[in-house]
Amino acid sequence: MAKRNLVQFQKGMSITMFLEDFGTEEKCAEALARLRWPSGFKCPSCGCAKHCRLEHRDPWQCAECGRQTSVTAGTLFEHTKLPLSTWFQAIFLITQGKKGISSMDLMRKIGVSYNAAWRMKPKIMQAMMEHEDEEPLAGLVQVDDVYLGGVREGKRGRGAEGKTPFVAALETTEDWLPHRIKLQVVAGFRLKAIESWCRRSVAPGSKVYSDGLPCFGAVATAGWSRS
């Protein structure tokens, strides 16, 4: 039997599992509250943990200063008129589709208008992208220098004017199969710039593979293993 792609066969969430965890509005609100306040509610004004939930309303009210705080405030669900359960269904469908899902198909599956599905989809994908950017690459990471810019007269390659330098970094499995990629603009391919990039974008303990470009020696300076 051929060796399986571990990324392709990794365990996911089934529809049954999703409904068990997020099948009601109450479960979705509780899950969102846990994400917002993993150590328990804290008032954004005074920091007090004591609070009460207003009946039939979303706000959480601080017992000390009386400030009301919505669990959706500052999230992509803020000011939405749709139930959280509908948003969670949309997130599930968008993240599960290997080839993506159209706004029309999303409309049919979650029972909203086409305009609502069309607005929801880019918001969810933008939030996914921002979350992915915040997560550092880990394990085996391959990096290379890349320049963005068209064909121009004058010097070519590294040091050419009018080109935007960025690092292309690829996280792989132990079998060298691609897992995640980051393309990030840097100030230049100098030791300090690459060290700063490494501390932001690569998790401690990772093993970084690069070519012989001197600036990538900053990976070791930052405390990561380089090959």
Side-chain angles (χ1 to χ4, degrees), residues 4-13 31-32 34-39 73-78 90-92 94-101 121-152 155-227:
R4 288 186 172 186
N5 183 329
L6 297 180
V7 175
Q8 182 181 6
F9 283 90
Q10 62 184 319
K11 188 177 180 181
M13 174 178 278
L32 185 57
R34 288 194 298 270
L35 290 171
R36 287 209 62 183
W37 304 300
S39 301
T75 72
L76 74 161
F77 314 117
E78 188 172 15
I91 292 171
F92 175 75
I94 289 173
T95 55
Q96 292 297 304
K98 184 176 180 180
K99 296 183 179 179
I101 183 172
K121 183 180 175 182
K123 284 186 176 182
I124 292 170
M125 295 184 71
Q126 176 67 25
M128 290 168 57
M129 183 183 71
E130 292 176 358
H131 174 73
E132 189 71 15
D133 286 343
E134 292 175 357
E135 287 291 317
L137 301 177
L140 304 180
V141 181
Q142 299 182 40
V143 300
D144 201 358
D145 59 309
V146 184
Y147 289 85
L148 180 65
V151 178
R152 302 169 186 266
K155 183 179 179 180
R156 297 184 179 183
R158 298 185 180 116
E161 295 183 0
K163 304 265 186 175
T164 301
F166 63 95
V167 173
L170 174 68
E171 176 188 310
T172 71
T173 66
E174 292 183 358
D175 296 325
W176 300 104
L177 297 172
H179 185 206
R180 291 191 299 150
I181 188 171
K182 281 182 180 287
L183 302 174
Q184 295 177 307
V185 174
V186 292
F189 290 103
R190 297 181 293 276
L191 288 171
K192 287 187 177 180
I194 298 304
E195 181 181 351
S196 176
W197 167 84
C198 188
R199 293 184 184 280
R200 294 193 318 270
S201 305
V202 182
S206 301
K207 191 167 186 177
V208 181
Y209 292 81
S210 69
D211 60 17
L213 191 63
C215 66
F216 286 126
V219 169
T221 305
W224 282 252
S225 173
R226 181 198 177 200
S227 295

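Within 6.0 Å of CE on Met128 lie more than 12 heavy atoms contributed by other residues, nucleotides or ligands.
For Thr75, the side-chain hydrogen bond (donor to acceptor under 3.5 Å, both in side chains) criterion is met by no residue, not counting sequence neighbours. A search for salt bridge (charged side-chain N to carboxylate O under 4.0 Å, His left out) contacts involving Arg180 returns Glu132, Glu171, not counting sequence neighbours. Not a single ring-ring contact (aromatic ring centres under 6.0 Å, His included) links Phe216 to another residue, sequence neighbours left out.
Between Val185 and Thr164 there is a side-chain heavy-atom pair separated by less than 4.5 Å. Taking 4.5 Å as the limit, some side-chain heavy atom of Leu76 sits within range of a side-chain heavy atom of Ile124. Put simply, the side chain of Thr172 does not reach to within 4.5 Å of the side chain of His179, judged on heavy atoms.
Lys121 places a side-chain N or O within donor-acceptor distance of the main-chain N or O of Ile101, the cut-off being under 3.5 Å. Arg36 contributes a side-chain N or O that, together with a main-chain N or O of Ala73, makes up a donor-acceptor pair within less than 3.5 Å. Using modelled atom types, no side-chain atom of Gln126 and backbone atom of Pro122 make a donor-acceptor pair closer than 3.5 Å. Side chain of Ser201 to backbone of Cys198: no donor-acceptor contact under 3.5 angstrom is found. Side chain of Asp211 to main chain of Leu213: a donor-acceptor pair is present (N/O by atom type, distance under 3.5 Å, no hydrogens or angles).
Close placement of the Tyr209 and Trp176 rings is indicated, their centers lying within 6.0 Å of each other.
If you take CD on Gln96 and CD1 on Ile94, they are separated by 11.5 Å, rounding to the nearest 0.5 Å. Interatomic distance, Ser210 OG to Asp145 CG, rounded to the nearest 0.5 Å: 9.5 Å.
Shortest non-hydrogen contact noted between Ala203 and Pro136 is N-CB, 3.7 Å. In plain terms, the two heavy atoms of Ser206 and Leu137 that are nearest each other are OG-O, 3.7 Å. Residues Tyr147 and Phe189 share a closest heavy-atom pair of OH-CD1, 3.2 Å. Heavy-atom minimum distance, Gly188 versus Ala193: O-CB, 3.1 Å. In terms of heavy atoms, Leu140 sits closest to Glu174 at CD1-CA, 3.9 Å.
Of the listed residues (Val202, Ile194, Val208), just one forms a side-chain contact (heavy atoms from CB on, under 4.5 Å) with Val143, and that residue is Val208. Each of Lys182, Gln184, Lys192 was scored for a side-chain contact (heavy atoms from CB on, under 4.5 Å) with Trp197, with one residue passing: Gln184.
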